[in-house]
Amino acid sequence: MSDFDLVIRGGTVVTASETTRADIGVQGSTIAALGLNLGRGNKEIDASGLLVMPGGIDSHVHLAQPAFGGPAMADGFETGTRSAIAGGNTTVLPFAMQGRGESLRQAVEDYHKEADGQSYCDYGFHMIVANPSPAALGQDLPALVASGYTSLKVFMTYADLVLNDREILEVFDAAGECGALVMVHCEGYDAIRFMTEKLEKSGRTAPYYHAVSRPQSVEREAAHRAISHAELTGVPIMVVHVSGREAMEQIRWAQSRGLKIMGETCTQYISLTAEDLKGLNMDDTGTKYVCSPPPRDHASWEAIWNGIQTGVFQTFSSDHCPFYFEGEVGKKNPKARTGFQWVPNGIPGVAVRMPILWSEGVAKGRITANQFVALTSTNHARIYGLTTKGSLAPGFDADIVLWDPAHEVTITQALMEHGADYTPWEGFRVTGWPRATILRGEVVMEEGRILGRKDQGKFLPRALSPMAGRMAGAALD
Ligand code: DUC
Ligand code: ZN
Ligand code: ZN
């Protein structure tokens with residue numbers, strides 16, 4: 001008789017805090033034991049030469065979402081989560097987006113219909129609050145938070161999503177009351193509109209001018225405003241998708257003053273630049289890189305690394321937000337050809353997040369393997385209330401990635417498994433790649449082959465974030 005259902009033998013176990021030689025014994029869907037020379041398993045995996053790490057948790061992806069003011073997304077749950085497990089992830093947190101005329105509860109119910117039976121990996125929902133009515137904030141929000149939707153995002157830009165300062169303050173306050181964690185998209189709407197109209201009038205409509213229309217000052221100003229509102233209401237926030245030094249320094253400044261302000265950065269801000277938006281010669285291929293905030297420059301990469309190394313950023317996400325390139329609804333659709341403001345904002349990247357952070361970070365000596373685990377898994381679990389995820393210890397879900405730190409890969413569209421018809425990282429070379437992804441004890445990806453089923457992923461109601469609630473010393477105390 002076997003001692004375990006599964007034993008992963010002979011690997012090096014890497015967590016956010018330790019690196020040890022150990023086997024892992026799995027019983028059912030849970031880690032049962034770690035140690036050398038564990039007893040036999042019904043199934044055994046030889047992990048010699050590999051790193052055994054917690055499965056990736058990508059806490060910022062967009063799937064099956066009505067577009068950011070443009071055409072439909074290229075990924076629903078089926079293709080988006082296939083791509084996630086291809087890249088070593090076992091959990092994703094996408095967004096149930098409230099339309100302006102919609103109730104928050106309806107948005108969440110509708111989003112479940114998109115996800116049910118369609119997910120290759122586990123998932124929870126953040127909410128996007130676009131209509132902060134008294135009913136949304138006073139009734140729906142507390143009830144939804146109590147049911148496990150414990151985080152929400154607000155936008156400081158986009159005509160269909162932007163909240164004014166008063167509304168942002170009301171959302172923060174309501175989140176403080178019920179313990180929701182608030183994520184903030186920090187770019188100032190009026191400044192972007194002003195710049196966009198000026199650029200349009202002078203004929204500067206090519207994709208590259210998307211980056212010119214929303215420079216770092218626009219992100220910095222919004223980050224400062226969001227931090228000030230967080231301070232006023234005493235409500236912690238996560239500043240998401242930080243692109244460069246300016247916003248990063250606002251977060252660092254807030255943290256140095258003892259405010260509970262967290263930061264997230266993403267793959268594109270250490271690997272793409274605004275020059276990519278120029279395409280071959282200000283042509284349509286530049287639209288492949290249009291996302292917001294836009295990628296910046298090499299100096300910004302260095303600033304982002306500094307923020308990662310010094311702990312300003314707790315999470316590293318993909319902000320996977322996929323659109324097609326070709327076709328009537330693609331990034332170069334007929335309307336988008338008339339100006340950058342009509343190009344849908346977002347790029348697909350859930351499959352490349354872990355390889356690029358490993359390659360640029362660990363393989364190049366900028367961060368340790370333990371920091372990598374914290375940035376790609378453990379911190380996401382802790383901050384977003386995923387209490388059984390993000391670590392390798394008895395009692396945790398057996399969500400595991402078997403990582404080959406030396407495997408060299410050239411990224412291609414064929415490896416991505418996503419719905420989009422391109423990857424912005426085509427031809428990008430990485431060192432470090434997932435050999436297998438294991439979801440609650442079952443191998444769902446092996447050597448690039450998808451072995452899991454699209455009904456295998458479970459919805460995860462989440463606990464309250466230990467980071468949420470009220471900060472001490474709020475102005476209204
Ligand atoms: N914000 C996101 O979080 N994702 C894509 C586009 C955007 O503006
Ligand atoms: Zn955003
Ligand atoms: Zn996003």
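Order of listing sets the numbers, starting from 1, for every ligand and every atom in it. Every value quoted in this text rests on a predicted model; they were computed, and no experiment measured them.
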In D319, what N, O or S atom is nearest to the Zn ion (ligand 3), if we give its atom name?
-> OD1

Of all pairs that satisfy side-chain hydrogen bond (donor to acceptor under 3.5 Å, both in side chains), the ones with a partner from residues 307-316, not counting sequence neighbours = R252-T310

Near Y158, which atoms of ligand 1 are under 4.0 Å from a heavy atom of that residue?
-> 6 (C), 7 (C), 8 (O)

Examine N345 against ligand 1 and note whether any of their N/O atoms are separated by less than 3.5 Å.
-> no

For ligand 1, which atoms have a heavy atom of H185 less than 4.0 angstrom away?
-> 1 (N), 7 (C), 8 (O)

Quick one: does F95 get a heavy atom under 4.0 Å from ligand 1?
-> no

Quickly, which of F459, F95, Y384 forms a ring-ring contact (aromatic ring centres under 6.0 Å, His included) with F125? Name it, please.
-> F459

Decide, counting backbone as well as side-chain atoms, whether V240 has an N, O or S atom less than 2.8 Å from the Zn ion (ligand 2).
-> no

Salt-bridge test for D399 and R440: reply yes if a basic N is under 4.0 Å from a carboxylate O, no otherwise.
-> no

Among the N, O or S atoms that H241 has, which is closest to the Zn ion (ligand 2)?
-> NE2

Can a cation-pi geometry be assigned to K454 and F77, taking NZ or CZ under 6.0 Å from the six-membered ring centre and within 45° of the ring axis?
-> no

Taking only Lys NZ, Arg NE, NH1 and NH2, and the carboxylate oxygens of Asp or Glu, determine whether K389 and D397 approach each other closer than 4.0 Å.
-> yes

Hey, are D75 and R82 close enough for a salt bridge, meaning a charged N less than 4.0 Å from a carboxylate O?
-> no

Residue set satisfying salt bridge (charged side-chain N to carboxylate O under 4.0 Å, His left out) with E426, at least two apart, ordered chain then number -> none

Metal proximity, H185 vs the Zn ion (ligand 3), N/O/S cut-off 2.8 Å | no

Consider ligand 1: state whether an atom of it lies below 4.0 angstrom from any non-hydrogen atom of E187.
-> no

Record the part of S292 in heavy-atom contact with ligand 1 below 4.0 Å; permitted values are side chain, backbone, both and neither.
-> both

Numbered in order shown, the ligand 1 atoms found under 4.0 Å of a heavy atom of D319 are 2 (C), 3 (O), 4 (N), 5 (C)

2.8 Å cut-off met by an N, O or S atom of H60 to the Zn ion (ligand 3) | yes

Are H241 and H60 an aromatic pair by the rule of ring centers under 6.0 Å?
-> yes

For ligand 1, which atoms sit closer than 4.0 Å to a heavy atom of K153?
-> 1 (N), 2 (C), 3 (O)

Salt bridge between E197 and K201, side-chain N to carboxylate O under 4.0 Å?
-> no

Please identify which atoms of ligand 1 are closer than 4.0 Å to at least one heavy atom of C321.
-> 5 (C)

